[in-house]
Undergrad: 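Quick one: this structure, given as structure tokens, is what I'll be asking you about.
Just the heavy atoms: all of them, side chains too, but no hydrogens, waters or symmetry mates, feed the values below. Remember, it's 1-based here, ligands and their atoms both numbered in the order they're listed.
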Amino acid sequence: MMSRALRGLVALGLILIGLLSASATVVAWQDPAAETSRKNQQTKVEAGTADLVRTFPIPSRNGGAVAYAMPLKNMTIDGKLDDWPADAERLPIKNLLNYPARYGLNGLDKVELSDNPNLSASFLAGYSKESGVIYLAIIVRDDKHIVDFESPFKTDSVEIFIDGKRSDIKIPAPEDPWEEHIDASQMPVLQYVGVAGNGAAYANKEGTNYTLKYGKIANTKTRMAYQTTGDLTVYEWAIQAFDQYPDSPTVLKPGKRIGLDIAVVDNDGGDSPSAWMCWGPLPNYFKGFNSSNLGDLILGEAP
Ligand SMILES: [Ca+2]
Ligand SMILES: [Ca+2]
Ligand SMILES: [Ca+2]
């Protein structure tokens, strides 16, 4: 039997717990950023593949980019989209970097970035828990297809930035040249690069057509294939994310958040600098060294 005093204490405890939970709930719902993010996510899901992808009540960072990856099976990495669900949500890549030291605007400041012949890009996202890879199909419309294997600044390409832990870590930039002073295992964000042509992407020493910057692509399950038809190029990727490269691959499961950005680089020949356009927040530093400067990819689950 509980004494009257003890019963009183238990009742008081329950009331306090109730008040604390109620006040926590109120605080959460009064946070304008969380509320805006919640509304955005609801809108996104209503407009997208609501049957395949469930919403998770997780606010984005910086009020920024959020994408949902749907579970996919039997994917073939061949640059063709026939294995993707017809209603897969297609998200625009249209944040144009203005950084004259390295990249130019290439006339893109005068056009509608989501739909123009010079450069417009979008992507689809999925994943396989069993295979341990994230699928991305990046669809690029570009009027002049240029490939170059000597300089990253003279070629069309796609760059993927991925942080399996979705951390918020910024590291100092190493001395130049970076290749000789840093290894992918020291970076909070991995950078994969693909070029739609035959050669060593960004002149990587392994000589592969897609590459892991500052690391070895052979230490990963990552693959990429592309198809070019007219002015459209599809870069289809199966990407391995890491908690710690190369020994700890990220375990993929519904609800998991991954730091992600996708950049499309457009060189159109001549002396004009390339344009650099991303999906996530514009860079405030090299994205490979700053994991708080990415969008969020949230792994969904099948209904
Ligand atoms: Ca395919
Ligand atoms: Ca172009
Ligand atoms: Ca181009």
Side-chain angles (χ1 to χ4, degrees), residues 49 52 69-90 92-99 102-128 130-160 192-199 201-202 209-210 221-240 262-279:
T49 54
L52 281 167
M70 68 195 94
L72 297 174
K73 285 186 176 155
N74 304 318
M75 298 298 285
T76 307
I77 300 303
D78 55 4
K80 296 179 190 166
L81 298 175
D82 53 358
D83 42 2
W84 287 78
D87 65 345
E89 186 173 28
R90 198 161 147 172
I93 298 168
K94 58 175 189 178
N95 292 332
L96 179 64
L97 176 64
N98 187 2
Y99 184 47
R102 284 280 167 83
Y103 296 100
L105 298 173
N106 194 17
L108 293 164
D109 52 327
K110 301 182 184 73
V111 297
E112 170 51 55
L113 287 172
S114 57
D115 182 21
N116 77 84
N118 182 347
L119 179 68
S120 31
S122 56
F123 75 100
L124 313 171
Y127 76 104
S128 166
E130 294 74 24
S131 305
V133 291
I134 290 158
Y135 297 109
L136 297 173
I138 298 143
I139 303 146
V140 181
R141 183 181 179 199
D142 178 10
D143 52 347
K144 292 172 190 152
H145 188 54
I146 305 284
V147 292
D148 180 277
F149 294 101
E150 290 181 9
S151 165
F153 302 106
K154 292 187 174 172
T155 185
D156 293 339
S157 67
V158 162
E159 302 180 353
I160 313 286
Y192 292 106
V193 176
V195 173
N198 295 318
Y202 287 16
N209 168 271
Y210 52 94
K221 289 185 186 174
T222 297
R223 287 165 291 134
M224 186 279 282
Y226 65 91
Q227 287 274 335
T228 299
T229 311
D231 66 353
L232 286 182
T233 300
V234 174
Y235 301 79
E236 189 177 33
W237 291 83
I239 299 240
Q240 190 168 34
I262 300 169
V264 172
V265 185
D266 179 24
N267 187 282
D268 283 342
D271 293 330
S272 291
S274 305
W276 194 98
M277 207 160 71
C278 64
W279 164 66

Undergrad: State, to the nearest 10 degrees, the angle whose vertex is the Ca ion (ligand 1) and whose arms point to OE1 of Glu236 and O of Lys80.
TA: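 Taking the Ca ion (ligand 1) as the apex, the two atoms subtend 90°.
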Undergrad: Can you tell me how the ring of Tyr235 sits relative to the ring of Tyr226, calling it parallel under 30°, perpendicular over 60° and tilted otherwise?
TA: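 It falls in the tilted class, 30° to 60°.
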Undergrad: Restricting to N, O or S atoms of Asp78, which is nearest to the Ca ion (ligand 1)?
TA: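 Of all N, O or S atoms in Asp78, the Ca ion (ligand 1) lies closest to OD1.
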Undergrad: Are more than 12 heavy atoms, taken from residues, nucleotides or ligands other than Asp82, located less than 6.0 Å from that residue's CG atom?
TA: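 Yes - once you tally the heavy atoms of other residues, nucleotides and ligands closer than 6.0 Å, there are more than 12.
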Undergrad: Tell me, please, if Asp266 has any N/O/S atom, main chain or side chain, under 3.0 Å from the Ca ion (ligand 2)?
TA: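 Yes - counting backbone and side chain alike, Asp266 has an N, O or S atom under 3.0 Å.
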Undergrad: Using the Ca ion (ligand 3) as the vertex, how large is the angle between O of Lys144 and OD1 of Asp156, rounded to 10 degrees?
TA: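 It rounds to 120°.
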Undergrad: Suppose you place the vertex at the Ca ion (ligand 2); what is the angle out to Asp268 OD1 and Asn118 O, to 10°?
TA: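 The two atoms subtend 160° at the Ca ion (ligand 2).
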Undergrad: Would you say the side-chain atoms of Thr155 and Asp148 include a donor-acceptor pair closer than 3.5 Å?
TA: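 On atom types as modelled, these side chains do not qualify, holding no pair under 3.5 Å.
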Undergrad: Is the distance from the Ca ion (ligand 3) to some N, O or S atom of Asn267 under 3.0 Å?
TA: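 It does: Asn267 brings an N, O or S atom closer than 3.0 Å to the Ca ion (ligand 3).
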Undergrad: Is any N, O or S atom of Ile146 under 3.0 Å away from the Ca ion (ligand 3)?
TA: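 So Ile146 does not count as coordinating the Ca ion (ligand 3).
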Undergrad: Can you classify the ring geometry of Trp279 versus Phe123 as parallel (below 30°), tilted (30 to 60°) or perpendicular (above 60°)?
TA: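 Rings of Trp279 and Phe123: perpendicular, over 60°.
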Undergrad: Would you say the side chains of Thr222 and Tyr210 form a donor-acceptor pair under 3.5 Å?
TA: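 Side-chain D/A pair, Thr222 to Tyr210: absent.
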Undergrad: Quick check: does Thr76 put an N/O/S atom under 3.0 Å from the Ca ion (ligand 1)?
TA: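 It does; at least one qualifying atom falls short of 3.0 Å.
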Undergrad: Which heavy atom of Leu72 sits nearest a heavy atom of Gly126, and at what distance?
TA: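 Of all heavy-atom pairs spanning Leu72 and Gly126, the closest is CD1-CA, 3.7 Å.
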Undergrad: Looking at the Ca ion (ligand 3), is there an N, O or S atom belonging to Asp142 that lies under 3.0 Å away from it?
TA: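 A backbone or side-chain N, O or S atom of Asp142 is under 3.0 Å from the Ca ion (ligand 3).
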Undergrad: Checking only N/O/S atoms, does Asp82 have one that is under 3.0 Å from the Ca ion (ligand 1)?
TA: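 Coordinating: no.
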Undergrad: What pair of heavy atoms forms the shortest contact from Asn209 to Ala201, and how long is it?
TA: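 What the structure gives for the nearest pair is O-CB, 3.1 Å.
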Undergrad: Under a 4.0 Å N-O cut-off, is there an ion pair linking Lys144 with Asp156?
TA: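 Judged by the 4.0 Å cut-off on N to carboxylate O distance, Lys144 and Asp156 do not form a salt bridge.
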Undergrad: Can you name the N/O/S atom of Asp143 that is nearest the Ca ion (ligand 2)?
TA: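 That would be atom OD1.
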